[in-house]
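Quick notes on the structure that follows.
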Amino acid sequence: MVTPIGKALGAAVAAPVIWLASAVNLPLKAWQRATGTNGMAAFFLAPNMAIFAVFVLTPFVINFFYSATSGTAFFLADRTYVGAAQYERLFDCASYVDPSTCREDLFWKAVQNTGLFVVVQVVLMTLVSIITALILNREIAARSFWRAVFFFPVLLSPVVVGLIWRWILQRQGLLNYIFYSVGLEPHDWLIERSSAFTAAVTVSVWAHMGFYTLILLAGLQAIPRDLYEAAEMDGTRPARVFWRITLPLLMPSLLVVVILTLIRAVQIFDEVYVLTGGGPGTSTLYITQYIYEVGFASLLRNPGLAAAASILMGAVLVVLTLLQLQLGRRGEKKGARE
Amino acid sequence: MRTTRTVLAAAAASLLASSALAGEVRVMWYSDGVEGEVIQDLLNRFMKDNPDIKVTLDNVAYKVIQEQLPIQLESGQGPDIARVTNLKELAQHWLDLRPLVADAKYWDDNFGAQADWMRPDGSNAISGFMTQLTLTGGFANRTLFEQAGVAMPGDKATWDDWIKASAEVMKSQKTAAAFAIDRSGHRISGPNVSYGANYIGADKLPAKVDDGTKAFATRLVEWTKEGLMLKETWVSAAGSTYRAAADDFINAQIPFYYSGSWQVANLSTKIGDSFDWVATGSPCGRAGCSGLKGGAALVAVKYTKNPADVAKVMDYLASEAVVKEFSERTLFLPAHKAVVEKGGLNWVTKDKNVGPALDTFVKASNATLPAADALPAWKWGTAYYGALVTRISQVMAGEMSLDDAWAKIDQDIADKVAQAK
């Protein structure tokens, strides 16, 4: 029941909103009459597109110009035009399989590392997210609490994630303290190449799986319950239910998860940079860190080379995005047919 | 990358907007120890005497000075005054204070010895002054040595002597490693020169990696493989990222630490009376016992809208009394000739380790070799340092051989020179 004070407060809040709505109503109607439905769509999309154009598209285009120049100056006018020399430098390799034969060996090392990271992380992320989503979709005790627990790391800044895990995994960190307390030998988790890579993948999965679990959970809850009831009445084994009902109907969500994970994995930087700094050696140096180091962090910067590397990385991301769109459309068509 | 660029643009815009106000001077400052508080106190006094000038001190991380300031300067923006360590490479952005300061002769007489470090080659500009002179050198945990019953090597002890003694302490006291050197090309350059290295070719361009550099770097790699050097300091990062090992020394994880005089205040503050420590100077190689001089300078930026006010602030901060007080309170070695010659600095500390440590650094500054003294004013020093640290840490991580590293270092430096020309 609404009290008189509540009513008054509601009216006070609603008044300016109503006033604003009526004020824009007439111009909007006039715009719609003049431009039709497409014009209205363009009107509402315009602010977002403007932001996209200024902060994404323009830098992307400017990057093309930078990648065709050389020198340490930041203004394009002060830079020397070198055509495709930066790309030639990046591709100057005796063997692409062996980064040490390349002139820009660190670039190819970063490409190789990123490739391995993408494969391992995407598989692991997808598996862990599916398993978590399946568990959270069941009638378990404190289900809402567990959902919040798995989603919580998504809310953390990647830098915070990196710092927390660094504190746990460093030589004098929490994990080694626990090892020491129970009589086990401490381990240099972030200094040994295999364990540093494992740490990078694990931390990345831990930090982002909540988001993908949520997508898959939504997909699971969209599967009609009567299919499961029918399978139960037929006495179908749980494994067969998963393979024959759950997985096929979850496939559209799963595709979204795989593609988003793939894009995110190619872009990996912040939490791993804080966690390992790209080390030990260059074993967790990924492509975004390479671009950052070359363009900004090294003592004599090379914005042209960094721009060329980022254009190549951008091309990979465009391909992945197109793949996502294509698969998404195919999924929609298939759904419509069924 | 795009996000970084957006943030930098916003930051630069806000700095530009604020620095355009008449009578306002913005100082971009970083701190290793307590110098931020000291300079703020000194500036407060200046503003009291000069109410028409408002000086705003922007305390930032050292990383901001290294990574963001150069970008602001390239776009013709930035603060009015900045405290920097990358003096020569950015020299074209500094304001020539010669026509603006009250007495140019005073500046030449007292700061002339380091003026070339921060002005373009062939120029007689007054760009600023060194807020501190630094010298790379070692520190030893005296308490750990005593507990281990190991005698500390003496004045002319070699690197091998120090590592051998520290290794004995490590075994006895079960420390994580015998020693550590900061992950920095600058830091290993003093030892390299002590082993006979010379980075500067006859044409003033970078020379190829020579036997001196190879001799010390090879030892460093071997010591790391043997577990004597704290592996994580160098191996736990890629590229030319700077990593200090000060915390490991402060936590008594290493009995010997090679860094520099700027750590004195930091060690004093954080170690307190937990253990006794001493400065050791630089251990010797086959060519000498050289550290590397350097330091941080306060420079005026030529894009300032208020050059006259900037010169007033700089005149005040460079005055003899202020330099003396700043040095005494921050425990930094002064660069001011008269202050050094008159002596009698009363270091503001109750820590008994500080005075002798600073004296050791003053004494060690007379032992530097010419090849080391030439580096602070040499344009290509940063290119050399970056290549050294990147490749040597790859060798330490087992990613390449030393022979491959030498070739890569030469190639990296040649690329940097070609790119900057």
Would you indicate whether the side-chain heavy atoms of Asp415(B) and Asn302(A) approach each other to under 4.5 Å? no
Ranking Lys63(B), Gln253(B), Gln411(B) by heavy-atom pairs under 4.5 Å to chain A gives rank one to Gln253(B)
Engaged part of Arg79(A) at the chain B interface, taking heavy atoms whose separation is under 4.5 Å: neither
Working for side chain to side chain contact (heavy atoms under 4.5 Å, CB included), residues Glu399(B) and Ser283(A): CA-CA 9 Å; Glu399(B) 290 183 357; Ser283(A) 57; 4.2 Å; yes
Side chain / backbone / both / neither for Thr282(A) at chain B, heavy atoms under 4.5 Å: both
If one checks every heavy atom of Thr80(A) against chain B at 4.5 Å, the contacting part turns out to be neither
In Å and rounded to the nearest 0.5 Å, what is the CG to CD distance from Asp412(B) to Glu104(A)? 7.5 Å
Scored by heavy-atom pairs under 4.5 Å with chain B, the best of Ser100(A), Gly281(A), Gly295(A) is Gly281(A)
Do Leu305(A) and Gln419(B) make a side-chain contact, defined as non-hydrogen atoms from C-beta onward lying under 4.5 Å apart? no
Arg89(A) versus chain B, the contacting section by heavy-atom distance below 4.5 Å: side chain
Most contacts with chain A, counted as non-hydrogen pairs under 4.5 angstrom, among Ala176(B), Ser393(B), Ala237(B): Ala237(B)
Of the backbone (N, CA, C, O) and the side chain (C-beta and beyond), which part of Gln289(A) lies under 4.5 Å from a heavy atom of chain B, both, or neither? side chain
Count the heavy atoms belonging to other residues, nucleotides or ligands that lie under 6.0 Å from CZ of Phe117(A), then report whether that count exceeds 12. yes
What is the distance from atom NZ of Lys109(A) to atom CE of Met400(B), rounded to the nearest 0.5 Å? 9.5 Å
So how far is it from Asp105(A) CG to Gln394(B) CD, rounded to the nearest 0.5 Å? 6.0 Å
Please say whether more than 12 non-hydrogen atoms of neighbouring residues, nucleotides or ligands are located less than 6.0 Å from OH in Tyr177(A). no
Do you know which of Val54(A), Leu106(A), Leu190(A) has the most heavy-atom pairs under 4.5 Å to chain B? Leu106(A)
Can you name the closest pair of heavy atoms from Arg301(A) and Glu89(B) and give their distance? NH1-OE2, 4.5 Å
Considering only heavy atoms and a distance below 4.5 Å, find which of Pro70(B), Gly239(B), Ala418(B), Gly185(B) pairs most often with chain A. Pro70(B)
Checking Arg183(B) against chain A: side chain, backbone, both or neither under 4.5 Å from a heavy atom? neither
Taking every heavy-atom pair that is under 4.5 Å apart, which of Thr284(A), Ile191(A), Thr276(A), Val294(A) has the most such pairs with chain B? Ile191(A)
Suppose a student defines contact as a heavy atom less than 4.5 Å from any heavy atom of chain A. Which residues in residues 223-235 of chain B would they list? Leu230(B), Lys231(B), Glu232(B), Val235(B)
Is any side-chain heavy atom of Asp248(B) closer than 4.5 Å to one of Arg171(A)? yes
With a sphere of 6.0 Å drawn around CZ of Phe179(A), does it hold more than 12 non-hydrogen atoms of other residues, nucleotides or ligands? yes
Which heavy atom of Pro280(A) sits nearest a heavy atom of Ala397(B), and at what distance? C-CB, 4.1 Å
